[in-house]
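Reminder, nothing fancy here: chain letters follow the sequence lines and each chain counts from 1.
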Number of protein chains: 2
Amino acid sequence: MSSPGEARDGTKMITRPAKVRTMEEFAALSGISRPTLSKFFNDPSSVRASTRERVEAALERFDYTPNVYAINQNRQLTRNIGIVVPYLADPFFAEVARNLEPLCAQAGFNPILLSSHGDADREIQNLDSLRGIRPAGVLLGPLGRRSRRSDVEAFCRDIPTVLFDCDIEGVGDAYYGSNNAQTVGAVVAHLCRTGEPPAFFEMRHAPNPNANKRHAAYERAMRAHGHEPMFLTVEGEGWAFEEIGFNEGSRLIAARALPTDTVLCSNDRLAIGFLAAAYDQGLRVGSGPGHALRVAGNDDHPYAGYTCPALTTVSQDYDSIAGCSLERLLSIIESGERPPVRETRHFDGTLVLRKSA
Amino acid sequence: MSSPGEARDGTKMITRPAKVRTMEEFAALSGISRPTLSKFFNDPSSVRASTRERVEAALERFDYTPNVYAINQNRQLTRNIGIVVPYLADPFFAEVARNLEPLCAQAGFNPILLSSHGDADREIQNLDSLRGIRPAGVLLGPLGRRSRRSDVEAFCRDIPTVLFDCDIEGVGDAYYGSNNAQTVGAVVAHLCRTGEPPAFFEMRHAPNPNANKRHAAYERAMRAHGHEPMFLTVEGEGWAFEEIGFNEGSRLIAARALPTDTVLCSNDRLAIGFLAAAYDQGLRVGSGPGHALRVAGNDDHPYAGYTCPALTTVSQDYDSIAGCSLERLLSIIESGERPPVRETRHFDGTLVLRKSA
DNA sequence: CGAATTTCTTTACGCGCGTAAATTTCTGAC
DNA sequence: GTCAGAAATTTACGCGCGTAAAGAAATTCG
């Protein structure tokens with residue numbers, strides 16, 4: 001039996017453009033010198049328009065792709081951009097990555113996505129493996145508290161790096177994240193205005209430092225509204241937030257340990273678990289009469305619209321955060337020199353009112 | 001102010017091993033010949049134990065990592081393995097990727113994770129970009145119906161590829177997936193045994209062909225139990241399953257278009273949306289008395305335990321599917337030749353009884 | 001139409017490492 | 001201690017392309 005791509009006598013059929021292995025060969029076939037081709041593949045706009053058209057016409061007839069390894073071996077700067085996220089199984093970061101990838105490609109760069117899976121060793125490992133491909137720059141969403149600062153710092157010294165989502169002070173060339181004070185402030189204000197002031201549901205040892213900022217932001221916001229903060233600080237390690245939210249939420253509810261009828265969760269994933277716990281124990285969550293509990297979150301998780309009831313939360317402005325991070329990184333790469341000052345920006349979120357509070 | 005890593009006078013402090021750029025240099029410093037080092041880095045076990053120890057000792061003193069690009073330029077076979085998933089923002093595939101990555105690394109391969117983001121063009125684009133790094137093999141979770149078969153086929157001809165999750169018949173060197181007939185059969189049997197037979201909630205144009213298999217499996221299972229199948233087939237495109245489940249579920253419930261009190265959803269994400277719709281309309285979901293509706297899913301999504309109520313579903317045996325896929329790919333790579341026959345295997349799932357049915 | 005400028009071609013070298021062949025050194029068993 | 005076999009060294013070449021320099025060709029412009 002002849003396989004597809006071969007005629008019955010076994011000779012190859014020319015159904016698609018002939019494969020060309022080397023640039024040398026392609027130069028001979030196309031009648032364009034190799035150095036010119038090299039320039040073209042490096043940046044098509046760097047050759048005369050008429051030449052560009054000749055190359056493109058030749059590419060139609062011959063199937064040639066420059067060898068990535070040979071290219072990057074000698075090039076002082078690759079066109080790789082590393083994207084490191086702390087935990088890809090969190091749909092939140094998956095979304096960020098999904099938005100970042102096409103933007104990189106559009107700018108002519110090759111995005112390489114890596115996840116630290118919540119593990120500091122993995123984070124360093126990722127950075128080390130990125131080092132190997134000599135990226136022009138890296139977008140790093142750090143683990144935060146767990147990050148091994150000195151290692152990350154060493155990496156950032158060698159390679160242009162922009163931090164996002166979670167700051168490690170003084171590390172990297174820039175940082176863009178959420179204005180936790182504003183987002184938490186907005187929910188607290190809303191909750192205080194429409195009912196009892198909220199207690200704050202959080203993990204004692206949250207892996208992400210945003211949790212600390214939210215803790216502080218909650219405390220300040222409560223005092224600003226003339227209330228004493230009420231913390232529901234629970235144990236639990238790792239990134240299984242839903243599970244922790246559910247287990248600890250169940251415990252709190254069963255023990256009647258809630259000081260008010262309103263709970264603000266440090267993030268949406270905790271809230272998802274907490275809502276499940278409330279449902280499980282027969283507590284009606286919502287804002288109207290006949291409801292026993294109000295629950296709000298923070299992040300606007302992709303699933304926040306499908307909890308029971310739909311979760312009231314604050315969306316992070318991730319378009320801006322991702323966009324700004326990439327933009328800044330590209331400008332650093334293009335300028336060819338590291339910026340003297342480290343830019344830091346916090347973007348406001350917007351309150352997303354649904355049914356849970 | 002002196003930055004860390006520098007003494008006050010500005011000279012670099014040697015806090016960590018000195019960086020060595022080339023293997024030549026490292027050979028001179030370590031007193032081991034370059035070809036031997038080359039062998040070592042290619043496969044440490046290929047050199048004598050005493051030599052290995054000498055190299056490792058030298059690596060303690062000097063910071064040297066072989067240049068990835070120079071390595072792969074000449075090597076006939078790289079140690080890269082491509083992992084392509086259809087949709088990374090689906091926590092399900094994120095979990096698969098998370099499990100696959102360390103397994104690859106453990107086997108001495110470098111995993112490169114790419115997501116097609118539900119787009120066929122992106123899928124081909126991913127494969128093309130993988131081609132550039134000449135992977136030793138690829139694990140491909142295809143989009144399925146949407147996949148451009150001829151392009152995928154062409155890729156698989158050139159590079160050892162194992163398909164998982166979703167089959168494209170005749171393409172690739174092997175396929176491992178779920179036994180949809182068994183998983184759907186198991187839920188249907190459970191539902192029929194414990195109450196009214198289920199209607200089947202599904203998308204008319206599901207992006208994944210597993211949906212078709214589940215459709216057929218449901219139909220067969222129902223007839224086997226002596227019931228007429230009842231399809232709740234809804235419109236909707238793309239991968240926003242929760243949204244589709246919610247919107248269409250809301251519509252069906254509001255229109256009182258449910259033929260029974262039991263709904264089996266084609267997958268868990270649809271079920272999550274459907275459960276939200278039921279909650280929204282005040283339908284009590286669950287199996288005991290006082291419940292208006294039973295809902296079950298299929299997949300055992302990471303969030304299935306945190307829906308309201310917790311979702312009864314069938315877990316896929318993803319450890320086996322991922323493990324088998326990788327194992328097969330590695331054996332193909334090691335053997336150096338493509339297998340004459342295409343292996344196909346379907347793994348059974350296990351019923352996960354929670355509270356929704 | 002000729003000069004100034006831009007672009008292309010020719011020639012040449014090197015990147016860091018894989019890899020082969022010939023030679024030398026080491027190992028382990030007798 | 002001897003000697004065969006294994007392992008390491010020496011030497012050498014090439015991978016596919018970046019890139020620099022000098023000269024040839026094409027383009028632009030007055």
Side-chain angles (χ1 to χ4, degrees), chain A residues 18-59 62-80 108 110 131-136 336, chain B residues 19-59 62-80 108 110 131-136 333 336:
Chain A
K19 291 245 174 193
V20 177
R21 262 177 25 81
T22 77
M23 204 154 125
E24 207 87 46
E25 204 179 330
F26 185 59
L29 289 167
S30 65
I32 299 160
S33 74
R34 196 175 64 71
T36 302
L37 287 177
S38 179
K39 279 199 72 178
F40 170 85
F41 285 113
N42 203 333
D43 176 10
S45 71
S46 68
V47 300
R48 202 189 294 146
S50 62
T51 313
R52 183 163 63 246
E53 281 162 22
R54 283 172 60 209
V55 178
E56 278 158 359
L59 281 173
F62 305 102
D63 179 18
Y64 169 69
T65 321
N67 181 314
V68 182
Y69 295 108
I71 289 178
N72 287 317
Q73 173 172 9
N74 295 333
R75 195 152 33 200
Q76 65 300 347
L77 205 66
T78 69
R79 297 191 73 79
N80 297 326
N110 175 39
R131 222 190 264 273
I133 59 168
R134 303 188 319 175
Chain B
K19 292 246 173 191
V20 177
R21 262 178 26 81
T22 77
M23 205 155 123
E24 208 87 45
E25 203 179 330
F26 184 61
L29 289 167
S30 65
I32 299 161
S33 74
R34 197 176 63 71
T36 302
L37 288 177
S38 178
K39 279 198 72 178
F40 170 86
F41 285 113
N42 203 333
D43 176 10
S45 71
S46 68
V47 300
R48 203 188 295 146
S50 62
T51 313
R52 183 163 65 246
E53 282 161 22
R54 284 172 59 209
V55 178
E56 278 157 0
L59 281 174
F62 305 103
D63 179 18
Y64 168 69
T65 322
N67 180 314
V68 181
Y69 295 108
I71 289 178
N72 287 318
Q73 173 173 9
N74 295 332
R75 210 174 355 219
Q76 66 300 345
L77 205 64
T78 69
R79 297 191 73 79
N80 296 326
N110 175 39
R131 222 189 264 272
I133 60 168
R134 304 188 320 172
I333 292 170

**Q** How close or far is atom C1' of D:dC13 from atom CD of B:Glu24, stated in whole angstroms?
**A**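 Computing the B:Glu24:CD to D:dC13:C1' distance gives 13 Å.
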
**Q** Under a 3.5 Å distance rule, please check whether A:Tyr69 uses its side chain to pair with a backbone N or O of B:Ile133 as donor and acceptor.
**A**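 Here the side-chain-to-backbone pair exists.
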
**Q** If you look only at pairs with a residue in residues 24-48 of chain A, which of them pass as a salt bridge (charged side-chain N to carboxylate O under 4.0 Å, His left out), with sequence neighbours excluded?
**A**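 For residues 24-48 of chain A, and leaving out neighbouring residues, the salt bridge (charged side-chain N to carboxylate O under 4.0 Å, His left out) pairs sorted by first residue read A:Glu24-A:Arg34.
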
**Q** Would you please name every residue forming a side-chain hydrogen bond (donor to acceptor under 3.5 Å, both in side chains) with A:Thr36, sequence neighbours left out?
**A**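 Residues passing side-chain hydrogen bond (donor to acceptor under 3.5 Å, both in side chains) with A:Thr36: A:Ser33.
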
**Q** Please identify each residue that fulfils side-chain contact (heavy atoms from CB on, under 4.5 Å) with B:Glu53, with sequence neighbours left out.
**A**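 For B:Glu53, no residue satisfies side-chain contact (heavy atoms from CB on, under 4.5 Å) once neighbours in sequence are set aside.
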
**Q** For B:Thr22 and A:Arg52, find the nucleotide of DNA chain C closest to each by heavy atoms; which residue's nucleotide sits nearer the 5' end?
**A**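 Between the two, 5'-proximity favours A:Arg52.
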
**Q** Which angle, to the nearest 10 degrees, lies between the helix axes at the two ends of the helix from C:dC1-D:dG30 to C:dC30-D:dG1, each defined by five pairs?
**A**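 Terminal axis comparison yields 10°.
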
**Q** Hey, does the side chain of A:Arg134 reach the backbone of A:Asn72 with a donor-acceptor pair shorter than 3.5 angstrom?
**A**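 Checking the backbone N and O of A:Asn72 against the side chain of A:Arg134, a donor-acceptor pair under 3.5 Å is found.
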
**Q** Can you say whether the rings of A:Phe26 and A:Tyr64 are parallel (under 30°), tilted (30 to 60°) or perpendicular (over 60°)?
**A**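 If you compare the ring of A:Phe26 with that of A:Tyr64, the planes turn out parallel.
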
**Q** Measure the distance from CZ on B:Phe26 to P on C:dC17 and round it to the nearest whole Å.
**A**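 In whole Å, C:dC17 P lies 11 Å from B:Phe26 CZ.
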
**Q** Give the B/S/- string for nucleotides 18-30 of chain D, one per nucleotide from 5' to 3', where a protein heavy atom under 4.0 Å of the base yields B, of only the sugar-phosphate yields S, and otherwise -.
**A** BBB-----SS---

**Q** Residues in side-chain hydrogen bond (donor to acceptor under 3.5 Å, both in side chains) with A:Asn110, at least two apart?
**A**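 Per chain and number, A:Asn110 pairs via side-chain hydrogen bond (donor to acceptor under 3.5 Å, both in side chains) with A:Asn80.
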
**Q** Could you tell me whether A:Phe40 contacts a base, only the sugar-phosphate backbone, or nothing, with contacts defined as non-hydrogen atoms closer than 4.0 Å?
**A**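 The residue A:Phe40 makes no contact with any strand.
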
**Q** Measuring from atom CZ of B:Arg52 to atom OG of B:Ser46, what distance do you get when rounded to the nearest 0.5 angstrom?
**A**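 It comes to 9.0 Å.
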
**Q** A:Asn67 has an atom CG; how far is it from atom P of D:dG14, in whole Å?
**A**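 After rounding, the reported distance stands at 18 Å.
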
**Q** Measure from CD on A:Glu53 to P on C:dC8 and round the result to the nearest Å.
**A**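 Checked: the CD to P distance equals 12 Å.
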
**Q** Produce the list of close N/O pairs, under 3.5 Å, pairing protein atoms with atoms of nucleotides 28-30 of chain C; give distances to one decimal.
**A**
none

**Q** Could I get the full list of ring-ring contact (aromatic ring centres under 6.0 Å, His included) partners for A:Phe40, not counting sequence neighbours?
**A**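 A:Phe40 satisfies ring-ring contact (aromatic ring centres under 6.0 Å, His included) with no other residue.
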
**Q** Measure CD/B:Gln73 against P/D:dC13 and give the value in whole Å, please.
**A**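 So the two atoms are 18 Å apart, to the nearest Å.
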
**Q** Which residues satisfy the side-chain hydrogen bond (donor to acceptor under 3.5 Å, both in side chains) test with A:Asn42, sequence neighbours excluded?
**A**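 Only A:Arg75 meet the side-chain hydrogen bond (donor to acceptor under 3.5 Å, both in side chains) criterion with A:Asn42.
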
**Q** What nucleotide among D:dG16, D:dT9, C:dT9 has an atom nearest to a side-chain atom of A:Thr36?
**A**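 So the side chain of A:Thr36 is nearest to C:dT9.
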
**Q** Rounded to whole Å, how long is the line connecting atom CD1 of B:Ile32 with atom P of C:dT24?
**A**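 Rounded to whole Å, this separation is 22 Å.
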
**Q** Reckon A:Tyr64 has a side-chain N or O less than 4.0 Å from the OP1 or OP2 of D:dG16?
**A**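 A:Tyr64 to D:dG16 OP1/OP2: no side-chain N or O under 4.0 Å.
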
**Q** Test of understanding: with side-chain hydrogen bond (donor to acceptor under 3.5 Å, both in side chains), list the residues that count as partners of B:Asn67, not counting sequence neighbours.
**A**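 Expected list: none.
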
